[in-house]
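As C-alpha cells, the structure follows; a few thoughts come after it.
Atom set for the values below is all heavy atoms of this structure, side chains included, hydrogens, waters and symmetry mates excluded.
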Amino acid sequence: MQQIIIIGSGPAGFTAAIYAARAGLKPLLFASAIGIGGELMNTTEVENFPGFPEGIQGPELMQRMQEQAEKFGTEVVYDDIVDLDFSGEVKRVTAGDGTVHEALSVIYATGSAYRKIGLADEERLSGHGVSWCATCDGFFFRDKTIAVVGGGDSAMEEATFLTRFAKKVYVIHRRDELKASKIMQQRAFDNEKIEFVWNSEVTAIHGDGEVTGVALRSTTDGSTSELPLEGLFIAIGNDPRTHLVHGKLDLTSEGTIALEGRSARTSVPGVFAAGDVTDPHYRQAITAAGSGTVAALDAEDYLAALEQQQAAALVTA
C-alpha cells in the first residue's frame, strides 16, 4: 500500500510529487496513458515561470519537472485512472489496466480540458481543419488562411504562434475588447498577419472533408456573414476534469473541486486537490505548482496525524 498516490502530471502533480518524494513518502504518480505534462505540453514559449528569464518551452519545463520528481523517488505510471473509491480510510484507485492501487492519501491534480463551441460539425472536422492546439497542428497550415476563436491569453498565444505558418490569421471574438493580458494583446495587435473580427460568434463550420469556412453571427445586431477559411483553432477556455469525482467530492458552483479555506483539503479526509481542477480564475502554471506544494504539505500533515492516531490506538488497546 502506498502512502500517497498523485493523479495528474501537470505542474501541480509534479510539484506535489517533488515535495512528497523529498519527505520520504515515495509517491506513485499516474500520468496519462497518452503522455505527460498537461496543458503546458501544448504551449510554446513560457515566459512567466520564475527562474527562466529567457523563457522555456512548455514541454521542456514539464520534462524537467518530471526528472526532478523522479530524482527524489517518485514512481511515474503511464496509465489513466478509471475509477476511485474514497469511502474508507484506505483509498482505492483503479488504473486503466484494471489494477487497483491502495493508498492512505490521494492528491487529485487532473487539470482541465479544452472547451468546445458545441457545433455539430466541430467533432466531424476535428483533425480536418478544426484544432484546439496550435503547437500540435500549426505546421499543417503553412501558407493557409485560418482563424482563432477566443479573446484570452491562450487565444492570443495561438494566433501569434500560427503566424509562423499561416499567411493570414483571423481572431474571432464575441466582444469588442479582449480578456488577454496587455502584453499578449499588444503582440497580436502589432502582428500584421493578424486581423480581428469583433463582436462575432461562429454558428457553423463548413466543409465536407476539410474546413472551407465558417458562418458568423454578429453579437450586436444578429446579422450573419461568411468567412472563407482553411483552418479553425478553438481557444475559448477549459473545463476542469472532475468527471471521476462527481458524487465523491464536493464541487463549487464553477465546477471545480471545493477546498477547505486556503488548504488543499477536499470534502473527504485524506483526499487533496491541486491545480486547474481547483482553480476557476488564475489558471497559471506557477499557481498550479504552488497549489501542488500545498497539497503535498497537507497530505504529509494528514499522514503524520494518522500515524499518531494509529500509535495511540495501539497503546490503548
Report yes if the side chains of Val106 and Phe272 come closer than 4.5 Å at any heavy-atom pair, otherwise no. no

State plainly whether the residues Glu47 and Arg187 are in salt-bridge range, i.e. N to O under 4.0 Å. yes

Have Thr163 and Asn191 got a donor and an acceptor in their side chains that come within less than 3.5 Å? yes

Pick out which of Phe165, Phe161, Phe233 makes a ring-ring contact (aromatic ring centres under 6.0 Å, His included) with Phe141. Phe233

Who passes ring-ring contact (aromatic ring centres under 6.0 Å, His included) against Phe72, sequence neighbours left out? none

In terms of heavy-atom contacts, does OH of Tyr302 have more than 12 from other residues, nucleotides or ligands at under 6.0 Å? yes

Any donor-acceptor N/O pair, Thr293 side chain to Ala289 backbone, under 3.5 Å: yes

Chi angles and distances behind the side chain to side chain contact (heavy atoms under 4.5 Å, CB included) call for Leu251, Ile257: CA-CA 4 Å; Leu251 303 180; Ile257 295 176; 4.0 Å; yes

With the side chain counted from C-beta on, respond yes when Trp132 and Asn238 share a heavy-atom pair under 4.5 Å apart, and no when they do not. no

Is there a chain of hydrophobic side chains (I, L, V, M, F, W, Y, each step under 4.5 Å between heavy atoms) that links Ile18 to Leu61? no

Would you mind reporting whether Leu216 and Val197 have side-chain heavy atoms less than 4.5 Å apart? yes

Looking at Ile286, I want to see if its CD1 is surrounded by more than 12 non-hydrogen atoms of other residues, nucleotides or ligands under 6.0 Å. yes

Below 6.0 angstrom between ring centroids: does that apply to Phe189 and Phe196? yes

Does Ile117 reach the side chain of Leu119, with side-chain heavy atoms less than 4.5 Å apart? yes

Do Asp153 and Ser181 meet the criterion of a side-chain donor-acceptor pair at a distance under 3.5 Å? yes

Do the side chain of Ser200 and the main chain of Trp198 share a donor and acceptor less than 3.5 angstrom apart? yes

Check: Val245 and Tyr108 side chains under 4.5 Å, non-hydrogen atoms: yes

Centroid-to-centroid, Tyr78 to Phe30, below 6.0 Å? no

Any heavy-atom pair between the side chains of Met1 and Leu104 that's under 4.5 Å? yes

Under 4.0 Å between a Lys/Arg side-chain N and an Asp/Glu carboxylate O for Glu75 and Lys26? no

Under the side chain to side chain donor-acceptor pair (under 3.5 Å) criterion, do Thr252 and Glu254 qualify, and how do the steps go? CA-CA 5 Å; Thr252 68; Glu254 292 93 349; 3.1 Å; yes

Test side-chain contact (heavy atoms from CB on, under 4.5 Å), reference Ile7, set Asp80, Leu28, Leu244, Leu84, output is Leu84

Within 6.0 Å of CD in Glu307, more than 12 heavy atoms from elsewhere: no

For residues Leu29 and Phe14, determine if any side-chain heavy atom of one lies less than 4.5 Å from a side-chain heavy atom of the other. yes

Using a strict threshold of under 4.0 Å (side-chain N to carboxylate O), is an ion pair present between Lys116 and Asp239? no

I'd like to know if the side chain of Thr278 and the backbone of Ala274 have a donor-acceptor N/O pair within less than 3.5 Å. no

For Asp208, is the CG atom crowded, meaning more than 12 foreign heavy atoms sit under 6.0 Å from it? no

Between Glu260 and Arg265, is the closest basic N to carboxylate O distance under 4.0 Å? yes

From CA spacing to verdict: side chain to side chain donor-acceptor pair (under 3.5 Å), Asp137, Ser131: CA-CA 7 Å; Asp137 301 327; Ser131 174; 2.5 Å; yes

Look only at the side chain of Lys193 and the backbone of Ala166, and say whether a donor-acceptor pair between them is shorter than 3.5 Å. yes

Under the salt bridge (Lys or Arg N to Asp or Glu O under 4.0 Å) rule, collect the residues that match up with Asp301, sequence neighbours excluded. none

For Glu67, give me all partners under salt bridge (Lys or Arg N to Asp or Glu O under 4.0 Å), at least two apart in sequence or on another chain. none

Criterion side chain to side chain donor-acceptor pair (under 3.5 Å) against Arg64, the qualifying member of Glu60, Gln66, Gln68: Glu60

Report yes if some heavy atom in the side chain of Pro27 is under 4.5 Å from a heavy atom in the side chain of Gln2; otherwise report no. no

